[in-house]
Amino acid sequence: MDKHYDPKSVEEKWYAWWEANGHFHADVAQGGVPYSVVIPPPNVTGILHMGHALNNTIQDVLVRWRRMQGRNVVWMPGTDHAGIATQNVVEKALKKEGKHRDDLGREAFIARTWEWKKEYGGTIVNQLRKLGASCDWARERFTMDEGLSEAVAEVFCRLYDEGLIYRGHRIINWCPRCKTALSDEESEHVDTQGNLWHIKYPVKAAHGDSVAAHGNPVAAYGNPVAAHGVDAVQFLTVATTRPETMLGDTAVAVNPNDERYASLIGKTLVLPLVNREIPVIADEYIDMAFGTGAVKVTPAHDPNDFEMGQRHSLPSIDVMNDDGTMSAEAGAYAGLDRFEARKRIIADLEAQDLLAKVDPHPHAVGHCYRCDTVVEPRLSKQWFVKMKPLAAPAIEAVRSGKVAFTPKRWENTYFEWMENIRDWCISRQIWWGHRIPVYTCGVCAHEWAAKTAPTSCPKCLEGERPREPLEGKCPAHEDVRPPSPQITQDPDVLDTWFSSWLWPFSTFGWPHDNPDLRFYYPTCDLTTAPDIIFFWVARMIMAGCKFMGDVPFRNVYIHGTVRDDKGRKMSKSLGNSLDPLDIIGQYSADALRFSLMLITSTGMDVYVNMEKFEIGRNFATKIWNAARFMKMHTDKCEGFAPVPIDPALLRDDDRHLLDTLDAAIAAVTEHLEKFRLQDAALAIYDFIWSNFCDWYLEYAKQDLNGTDDARRLQVLSLMTDVFAKSLKLLHPYMPFLTEELWHEMGYAGASHPVAEAAFTPSTATAVIRAPWPAPYTEAQREAWGLHAETTAYVTAKRELVTAGRALRAEYNIAPSKFIAYVIDALDEATATHLRGDAESLKQQLRSDNLEVIIGAGERAMPGTLCKLGTIYLPLDGLIDVAAEAARIKAELAKEQGFLNNVNAKLANESFVAKAPPAVIEQQRARQKELTETIARLEKLHKTFGG
RNA sequence: GGGCGCUUAGCUCAGUUGGUUAGAGCGCUACCUUCACACGGUAGAAGUCACAGGUUCGAGUCCUGUAGCGCCCACCA
């Protein structure tokens, strides 16, 4: 074995080997209890970031653990075509060539995108391999591959035919850079310090008014100086955050109960800058307390205004183009960018003295989640899914517990959104994605949805249109004529998430019934980030309930966000991102995985910096060295083969080791069942490092270097077996290191008599297929003498040894100086037991240059204390007697305080009456212990002349 | 405006149904390069569990309120 562990070569070697040997591949034919997981498909444009590392490590831990438990495990991998994101990437590449997508045309552009996918789409998937993700790569899917596209078409047509997909003319979120509609979820609200501009709208004078007498009142308002010079003009002041939209105003609204404006309702205003006449309307929606209480109504650019427009039959004037520049409707401002137009409009209003005031106003502004451009609410004709009917069963599924969230609090978030769900805008004005399968007949104007491109119009085929007879084909069933130029398909594509929400069943072959789908659906655990609950999790539950008649998964584990050590979200623009591949390069994939798991508690955000990954690296080194140590001894032991446990040869520390291993196995299993991956990792870490390495391996040295061959063989067998089980426990977290050691230690194929089951040939080769360790049976524990007393003895012994070492440190005695100390054990049984083990104790202490004498206090001079009782240390001029007396006095006071508390507790009638017997018993024992300790301390204190 | 989370050792955080003297990692102090490991070992210091009330025999843990920080949702122009 090499002195140093080389993760790089090891990780590459084993990943290739696992894949080549089909260790990740799932097969229905093998039967058993399924454990299925679908990966949250990363964007095909993605590169591995810390969020992926966290998400996929969690999944891989669960998946590997379940696999070892003997479940029939499938981890379905794949990528998302990420409509807008991918199109952006390809457009950027085109731009470098000085081209635009329009130069290529739709078909060529799509072909170009597929080429890009073919060349770069595998990046993230290969990075997942570096992380160690044990996905069933043979099943890898892509949201635009043939099968998934079929599922999308199937779902669209079903919803369309049921009337759950409809086309609507309404205000949607428009990204002027991507030039497409977005769903509400795709518009991210960012708190922004904006302004509330107060603009004065002149009131048009009635006939006979003095202003009207000037002829054209509009002209007068167009020239405020003139207006002022001639007459007093009445104004209605409105407040707005988006002044440029005023060009599209078709009314101003006030609350009908607002006395300030009562007289103006029904009057006409003259819209500044455009001189359009617009009415003052009354609408309950208006909040009298906000702004001026008068609101400009722009039905084409604001959802509320749109609704008001509907209520009051107002026209809608769209003043913007799809790229965010002002449209022809904007008159003099046409062609200007919307923000430039805003500046100009403000300036112009100011020049005409129509800007009453400007108040700073913080508000949330929508940004495109793909390109961060400010989203424009805009009137548009789009496709929508009616969500309420889909939401109802999905709400019930969570309420009834068919789907459970971890942590549970996310269920509230889910309910909140689902109960107030709004229709989902699914059409996108881009090219990369699933084309909306809606067709229109140019002859009869019939519109319908079809899974495959139709060649003729069904309405016309029904006989309403005379048609040519077809040779050899029954016209009622199939039409083989070339596509009719009369039939046109909707140009838009579907929202990326329209394919993602089918992922848990489309990846298993739906809409076709098949064994995989039947066996693996519903999946078990879905692991994802909180920001994706609405985009994906909720919609998957809806789709599962709707199309499969069952939930898509039983558990949803929502993990936290990975942040930098200052708590900021990692982002490219901040430059505070850690690259998982850097961490893997510097510390190893195992270190990345283990550290992440160890520092992340269930569902909480995690703060990371580079140094945090030392934990995992150090742990790996520790284990590597422990293995080297054992290997060194097994190599020395010629022809070493493990022997079965001989109860006659077992000593306390052996029993204690088996005991703590048992506890660790139980704890790890239970924690993993409840998604407590941190606690499970801690239990493994603590067992291997503290119990196995620090205590047992040190303890075992005396036997390994001793002369008793039978005992040495027993100890070696025991420790290698316990180490094998430790590797199994650790394998889900550190797959590479454990696999390497599994082979280095010769566990692959070796027969371990203490192991819980004989390996079958197919499972003997890899830890990944080794069975998850089971706690020992009662019969074994009985036969081996694993009793509670064992733990008590070993605990006593450890404290005793610790006390000896502490003496040296406390009195600052050189390591070279031999110390014999004496212990007066508290209870006789322990003392007797430890005396019986005196020889091994002596050996154990030899390296510390210590020697202990049990229960002979009278012979020695007083020294210090440990929990077991009194420890005496020969003075030999090593101790400052006065200082020691003071120390003991302080100790005495502390113990007396504890005793007082306990006494008070036990004297309390309510406590005795109500506390559980176990707690009372505990307190009684403690009372006894404290009383004895105090008696001893008092004696000691006297000895020191106190 | 609603909802959620956090506040425990110098730092980052655990603490699972309320129950011995509240834990870990890092950092810190002292000693040790002893034949697996200095990415190590041994021993140690360090916390009025944000604040104020309440329930209880007993509260870091349950309830109410306050403060600070953070996140999510929301059409107040």
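Below, chains carry the letters A, B, ... as their sequence lines are ordered, and counting in each starts from 1.
When both distances must be under 3.5 Å, the Watson-Crick or G-U wobble mate of B:G68 is B:C6. When both pairing distances are held under 3.5 Å, B:G53 makes a Watson-Crick or G-U pair with B:C63. Figure legend. B:G1 is base-paired to B:C73; pairs are counted as Watson-Crick or G-U wobble with both atom distances under 3.5 Å. Remark: B:G23 base-pairs with B:C13; criterion is Watson-Crick or G-U wobble with both hydrogen-bond distances under 3.5 Å. The partner of B:G44 is B:C28, judged by Watson-Crick or G-U wobble contacts that both fall below 3.5 Å.
Listed candidates were B:G5, B:C72, B:A74. Nearest to the side chain of A:R409 is B:G5. The side chain of A:N618 lies closest to B:G40, out of B:C73, B:G40, B:U21. Listed candidates were B:G25, B:A36, B:U21. Nearest to the side chain of A:R926 is B:U21. Each of B:C37, B:A77, B:G41 was ranked by its minimum atom distance to the side chain of A:T240; first place goes to B:A77.
Straight-line distance between the C1' atoms of B:U48 and B:U8: roughly 12 Å, to the nearest whole Å. The gap from the P atom of B:C49 to that of B:U7 amounts to 14 Å, rounded to the nearest Å. Straight-line distance between the P atoms of B:U12 and B:U56: roughly 37 Å, to the nearest whole Å. Comparing the C1' positions of B:A30 and B:U66 gives an interatomic distance of 45 Å, to the nearest angstrom. Taking atom C1' on both B:G15 and B:G23, the two are 7 Å apart, rounded to the nearest angstrom. Rounded to the nearest Å, the gap between the P atom of B:C69 and that of B:U55 is 32 Å. Across the P atoms, B:U16 and B:C63 are found 14 Å apart, a figure rounded to whole Å. Rounded to the nearest Å, the gap between the P atom of B:G27 and that of B:G40 is 9 Å.
If you take CZ of A:F687 and P of B:A24, they are 19 Å apart, rounded to a whole angstrom. Rounded to whole angstrom, the span from the CG atom of A:L314 across to the P atom of B:A77 amounts to 20 Å. The OH-C1' distance, from A:Y607 to B:C13, rounds to 11 Å in whole Å. A:M597 has its CE atom 22 Å from the P atom of B:A24, to the nearest Å. Distance, A:D287 CG to B:C75 P: 16 Å, rounded to whole Å. Taking atom CG on A:L741 and atom C1' on B:C37, their separation rounds to 13 Å, with Å as the unit.
Contact annotation for A:E698: base contact, defined as any heavy-atom pair under 4.0 Å involving a base atom. Among the heavy atoms of the strands lying under 4.0 Å from A:R422 are primed sugar atoms or P, OP1, OP2 only; no base atom is included. Looking at heavy-atom distances under 4.0 Å, A:P916 makes contact with a base. Heavy atoms of A:H633 sit nowhere under 4.0 angstrom from any nucleic acid atom. Residue-level contact check: A:H198 touches neither bases nor backbone, having no heavy atom under 4.0 Å from any strand. Nucleic acid contact class of A:T802 (heavy atoms, under 4.0 Å, all strands): sugar-phosphate only. Using a 4.0 Å heavy-atom criterion, one finds that A:W197 contacts no nucleic acid atom at all. Contact annotation for A:F619: no contact, since no heavy-atom pair falls under 4.0 Å across all strands. Across all strands, A:A806 comes closer than 4.0 Å only to sugar-phosphate atoms, never to a base (heavy-atom distances). As judged by a 4.0 angstrom heavy-atom cut-off over every strand, A:K612 is placed among residues touching the sugar-phosphate backbone only. Residue-level contact check: A:M604 touches the backbone only, with heavy atoms under 4.0 Å from sugar-phosphate atoms and none from bases. No engagement by A:R242 is indicated, since no non-hydrogen atom pair under 4.0 Å with the nucleic acid exists.
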**Message:** salt bridge (Lys or Arg N to Asp or Glu O under 4.0 Å), that's the test. Do A:E185 and A:R539 meet it? Break it down for me.
**Reply:** CA-CA 12 Å; A:E185 292 67 41; A:R539 288 173 182 160; 2.8 Å; yes

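A cation-pi arrangement is absent between A:R170 and A:F306 under the rule of less than 6.0 angstrom and at most 45 degrees off the ring axis.
For A:K622 and B:G41, the shortest distance from a side-chain N or O to OP1 or OP2 is below 4.0 Å. Distances shorter than 4.0 Å separate none of the side-chain N or O atoms of A:W689 from OP1 or OP2 on B:C39. Regarding contacts with the backbone of B:A36, a side-chain N or O of A:K701 is found under 4.0 angstrom from either OP1 or OP2. Phosphate contact (OP1/OP2 of B:A14, side-chain N/O of A:S601, threshold under 4.0 Å): present. The phosphate of B:A30 has neither OP1 nor OP2 within less than 4.0 Å of any side-chain N or O from A:R808. Phosphate contact (OP1/OP2 of B:C37, side-chain N/O of A:H4, threshold under 4.0 Å): absent.
Classification of the A:F290-A:H361 ring pair by plane angle, with boundaries at 30° and 60°, yields perpendicular.
The pair A:D6-A:K8 does not count as a salt bridge, with every side-chain nitrogen at least 4.0 angstrom from each carboxylate oxygen. Under the 4.0 Å criterion applied to side-chain N and carboxylate O atoms, A:R712 and A:D703 are not assigned as salt-bridge partners.
Evaluation of atom-type donor-acceptor distances gives no pair under 3.5 Å for the side chain of A:R805 against the base of B:U42.
For RNA chain B, the residues of residues 297-306 of chain A within the heavy-atom distance limit of 4.0 Å (strictly under) are A:N304, sorted by number.
Using a 4.5 Å heavy-atom threshold, the side chains of A:K622 and A:W624 count as separate.
Looking only at atom types and distance, the side chain of A:D302 has no donor-acceptor partner in the side chain of A:T298 under 3.5 Å away.
To the nearest 0.5 angstrom, A:E411 atom CD is 6.5 Å from A:F405 atom CZ.
Atom CD of A:E909 has 12 or fewer neighbouring heavy atoms from other residues, nucleotides or ligands inside a 6.0 Å radius.
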